[in-house]
Amino acid sequence: MLGGIAWTQICLGGTRPAFAYPGYFLVACAGLLSVLVVGVKRYAPGWGILLWTGLFFAYLLVRGFFSSLSFLATTNALLILAALVTYILSAVHLTSVRARLLSISGFLLLEAGHLWLGLTQYASGNKWLLFDDIRPDYGSRASGFYTCPDHLAGFLEMLIMVLLAVGLFGRVSAWLRIIFFYCACAGVAGVLLTGSRAGYLSSGAGVVVLSVYGVYHLVRVQRFRVSLVLLGGTCSCCVVLLGVLFVTHSDLLKDRFGSIVDQDLRPHLWQAGIRAFALDPVMGTGPGTYLVYGREFRDPSVQTDPVYAHNDYIQLLAEYGLIGAGSVLCLLIIHFLTAWKYVRWRLRTLQQKEKSLSSSLALVIGAAAGIAALAVHSIFDFNLQIPGNTLFAAFLFGILANPGIPEKPRAEDAADAEVKRRIEVRQGNGRGSLTWTWKVIPVALSIILIGSIVPRWAGESEVEASRRAFLNGSYALTIYHAKRAAEYGNEEPDLFYYLGESRRLLANQFAGATRLNFLNSAVEAFDQGLKHFPMDERSLVKCGLTQAELGDFQKADTYFNRAFKWDPNLGQIYAFYGARLQLEGRDKDAIAAYQRSNELSVNQIAIGGAQQIQESIKRKESSSTRPD
């Protein structure tokens, strides 16, 4: 399981299927192997919390099954299954303090890798990532193995809370406490390097949760330990001092801190999500469909592709409706109430035993603070759409669902052996049917997950190879890999876009019949992709442009009209439409289209096209005034 989560994070957060599938596969293998683990004492969580979690995930899967865009629904369904397996493994099998601390130690290695690469990115401002990928231009903001700094902040903020909680409230050795505090401070530095404003706010919210609980903890156990208070105070001062030093010595971080409350594009993205929600308030528009309606309802000031709403709650509301939003709210409430119930009981037992520290308690508090930090971050970003962060959050939710220690271990005091046996069965430790249920559920889910991944794996690998070749300008190689992916039965719209656009660009290198053949085959590829994704603006625009290059301007307008319908405020569509008008010789209309494109977003396509028309007009005027 740890290997699966680590893989998805290292591979750009698992944001593309070819990178996510190996991580999902490892998680599923962990689910299969869980049936072989014997002789380990476990305490199963209550049926109520697992039943509600199961119903929530079941609704997400069923809603996706009825989605009209199957490729988006499939991507979401596989992530949901992987998260559910991770959750059950954490809540049912990895219940001992030792196992959970070992898992957290494994995540420390992952944190070290993120920070190493993040420091390199911050110091040199390079865009390098693993697998020779190039991340978007975020300047010197650190993103680690992720493509976006905000996603790194999302992972680190959750891990920091767990480390601080174990360091403050856990019964661990001094050297382990020091390591956890050191790694927590390193994580804080990493969050600062990301320049993520939402990361700053959410990390602060998590620290506030820990601080409030710390005061409550000291009051309840009634054992005021000076050493613990000094350690916590020293750690807090170090974190604050570290933050101040970074901010005061970094122009990037001063700018990011200074613009926390500045207006940005997020409110426009949220507004588009609300308008999408209004289309189907009860059931939502379907998983991943914000990609469609975010474009249709985009504000003219938003010229980047609004793939996500930058607010997990609004996106959930838009895609899964009130049922989905209400379910996730109940999911959060029931997990936090379960954790709070355990915390109160554990503090009472610590007071009775005249102790003040508990590792199981610390893990629950850390998981709760981590989820709280992520909940704040989700107001501004989309970390739950990133597989690497979603799987780690599922691991923390599993800790909340089951602290690993029975809340009321009264069976040992019962004189009746039958009563003791029934309690053991109810807790999942006896020979009753519940024990087998906990073994069967993750295995069944893992089989479904593996059965869904394996047939798609080779095709997605070819799609990824095609994408890389396309970005590198190797169009012949793009066509080769795209055809291979199609042979595997892959129906990704991106695949057919790469195939069609590569053929269209190669057509420019030829003339005559060869050029026409390339253009006609490009139209076929675009049309094939549009069968699976009729609203794909890229394929609509490029297919319309290809039809114009073939001289069929009436068909070209059909595709462009569909593109304008689904994305009326994107400047690039007007730029390509200007190129289509220019091919027909309608220079005045083309200039008007180019001007509209530049009004929305200044771009080289519109600028270059307008210049060509002006130069052509000047040449015509000079030739007409030249004496014979």
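This structure is a prediction, so every number in the text was calculated from the model and none was measured.
Under a 3.5 Å cut-off, the side chain of Gln303 and the backbone N or O of Gly571 do form a donor-acceptor pair. Of the possible donor and acceptor atoms, none in the side chain of Asn490 sits under 3.5 Å from a partner among the backbone N and O of Ala486. Formation of a donor-acceptor pair under 3.5 Å by the Ser466 side chain with backbone atoms of Thr478 is found in this model. Panel note: side chain Ser378, backbone Leu374; a donor-acceptor pair is recorded below 3.5 Å. Checked by atom type and distance alone, the side chain of Arg456 pairs as donor or acceptor with a backbone atom of Ser452 at under 3.5 Å. Put simply, the side chain of Thr120 gets close to the backbone of Trp116: a donor and an acceptor are under 3.5 Å apart. Judged purely by atom type and a 3.5 angstrom limit, Thr285 uses its side chain to pair as donor or acceptor with the backbone of Ala318. Looking at Asp305, its side chain never comes within 3.5 Å of a backbone N or O of Val307 through a donor-acceptor pair.
Residues forming a side-chain hydrogen bond (donor to acceptor under 3.5 Å, both in side chains) with Arg503 (at least two apart in sequence, or on another chain): none. Remark: Arg515 pairs with no residue by the side-chain hydrogen bond (donor to acceptor under 3.5 Å, both in side chains) rule, at least two apart or across chains. Considering only residues two or more places apart in sequence or on other chains, Phe380 meets the ring-ring contact (aromatic ring centres under 6.0 Å, His included) condition with none of them. By the side chain to side chain contact (heavy atoms under 4.5 Å, CB included) test, Glu487 pairs with Arg484, sequence neighbours left out. By the side chain to side chain contact (heavy atoms under 4.5 Å, CB included) test, Pro300 pairs with Asn569, Leu600, sequence neighbours left out. His114 meets the ring-ring contact (aromatic ring centres under 6.0 Å, His included) test with Phe145, Tyr146, Phe155; sequence neighbours excluded. Legend: residues meeting ring-ring contact (aromatic ring centres under 6.0 Å, His included) with Phe564, ordered by chain and number and at least two apart, are Tyr574, Tyr577. Qualifying side-chain hydrogen bond (donor to acceptor under 3.5 Å, both in side chains) partners for Ser521, counting only residues two or more places apart in sequence or in other chains: none. Residues passing the ring-ring contact (aromatic ring centres under 6.0 Å, His included) test with Phe510, sequence neighbours excluded: Phe518.
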Quiz prompt | salt bridge (Lys or Arg N to Asp or Glu O under 4.0 Å) assessment of Arg298 paired with Asp567 | solution = CA-CA 8 Å; Arg298 80 161 78 221; Asp567 203 341; 2.7 Å; yes
Quiz item: Given Gln611 and Glu615, is the side-chain hydrogen bond (donor to acceptor under 3.5 Å, both in side chains) satisfied, shown in steps?
Solution: CA-CA 6 Å; Gln611 288 178 346; Glu615 290 173 0; over 6 Å; no
Practice problem: Go through the steps for Glu492 and Tyr497 under the test side-chain hydrogen bond (donor to acceptor under 3.5 Å, both in side chains), then give the verdict. | Solution: CA-CA 9 Å; Glu492 284 277 341; Tyr497 171 76; over 6 Å; no
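Between Pro493 and Phe71, some side-chain heavy-atom pair lies under the 4.5 Å cut-off. Contact of the Asn598 side chain with the Gln595 side chain is not registered, since no non-hydrogen atoms from C-beta on lie closer than 4.5 Å. At least one side-chain heavy atom of Tyr498 sits under 4.5 Å from a side-chain heavy atom of Asp494. Within the 4.5 Å cutoff, the side chain of Tyr24 has no heavy atoms near those of the Trp7 side chain. Inter-residue side-chain proximity for Asn76 and Leu61 is flagged as unmet; no heavy-atom pair is nearer than 4.5 Å. Within the 4.5 Å cutoff, the side chain of Leu110 has heavy atoms near those of the Ile10 side chain. Leu570 places none of its side-chain heavy atoms less than 4.5 Å from the side chain of Arg295. Side chains of Met283 and Asp280 form a contact here, defined as non-hydrogen atoms less than 4.5 Å apart.
Nearest approach of Gly64 to Pro287, heavy atoms of both residues: CA-CG, 3.5 Å. Considering all non-hydrogen atoms of both residues, Phe470 and Ser502 come closest at CD1-OG, 3.5 Å. Closest approach of Ile450 to Ala28, counting heavy atoms only: CG1-CB, 3.4 Å. When all heavy atoms of Leu269 and Ala309 are compared, the closest pair comes out as CB-O, 3.6 Å. Taking both residues in full, the closest heavy atoms of Ala393 and Leu384 are given as CB-CD2, 4.4 Å, listed atom of the first, atom of the second, then distance. Pro387 and Gly14 make their closest contact through CG-O, 3.1 Å (heavy atoms, listed as atom of the first residue, atom of the second, distance).
Here the CZ-CG distance, from Phe25 to Leu32, works out to 8.5 Å after rounding to the nearest 0.5 Å. Taken to the nearest 0.5 Å, the CG atom of Leu12 stands 11.5 Å off from the NE2 atom of His151. Taken to the nearest 0.5 Å, the CG atom of Asp381 stands 6.5 Å off from the SG atom of Cys148. With values rounded to the nearest 0.5 angstrom, Thr8 atom OG1 is found 10.5 Å from Ile386 atom CD1. We find the CD1-CG distance between Ile379 and Asn311 to be 7.0 Å, quoted to the nearest 0.5 Å. To the nearest 0.5 Å, atom CG of residue Leu279 and atom CD of residue Glu296 are 7.0 Å apart.
You'll find the ring centres of Trp457 and Tyr488 outside the 6.0 Å limit.
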Report, one line per pair, each donor and acceptor closer than 3.5 Å where one atom sits in a side chain of residues 526-537; sequence neighbours left out.
from, atom 1, to, atom 2, distance (Å)
Asp527, OD1, Tyr559, OH, 2.7
Asp527, OD2, Tyr559, OH, 3.3
Asp536, OD1, Arg538, N, 3.4
Asp536, OD2, Ser539, OG, 3.2

Side-chain donor-acceptor pairs of residues 602-610 under 3.5 Å, sequence neighbours excluded:
from, atom 1, to, atom 2, distance (Å)
Asn603, OD1, Ile605, N, 3.3
Asn603, OD1, Ala606, N, 2.9
Asn603, ND2, Ser597, OG, 2.8
Asn603, ND2, Ser601, O, 2.7

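Tested against Arg141, the residues Leu152, Leu193, Asp150 include a single side chain to side chain contact (heavy atoms under 4.5 Å, CB included) partner, Asp150. Put simply, the residue from Phe382, Tyr290, Trp270 that forms a ring pair (Phe, Tyr, Trp, His ring centres under 6.0 Å) with His310 is Phe382.
A salt bridge is absent between Glu549 and Arg580; no separation between the charged side-chain nitrogens and carboxylate oxygens falls under 4.0 Å.
For the residue pair Ser301/Asp299, the side-chain donor-acceptor check at 3.5 Å is satisfied.
The stretch residues 2-29 participates, sequence neighbours left out, in these salt bridge (charged side-chain N to carboxylate O under 4.0 Å, His left out) pairs: Arg16-Asp133, Arg16-Glu464.
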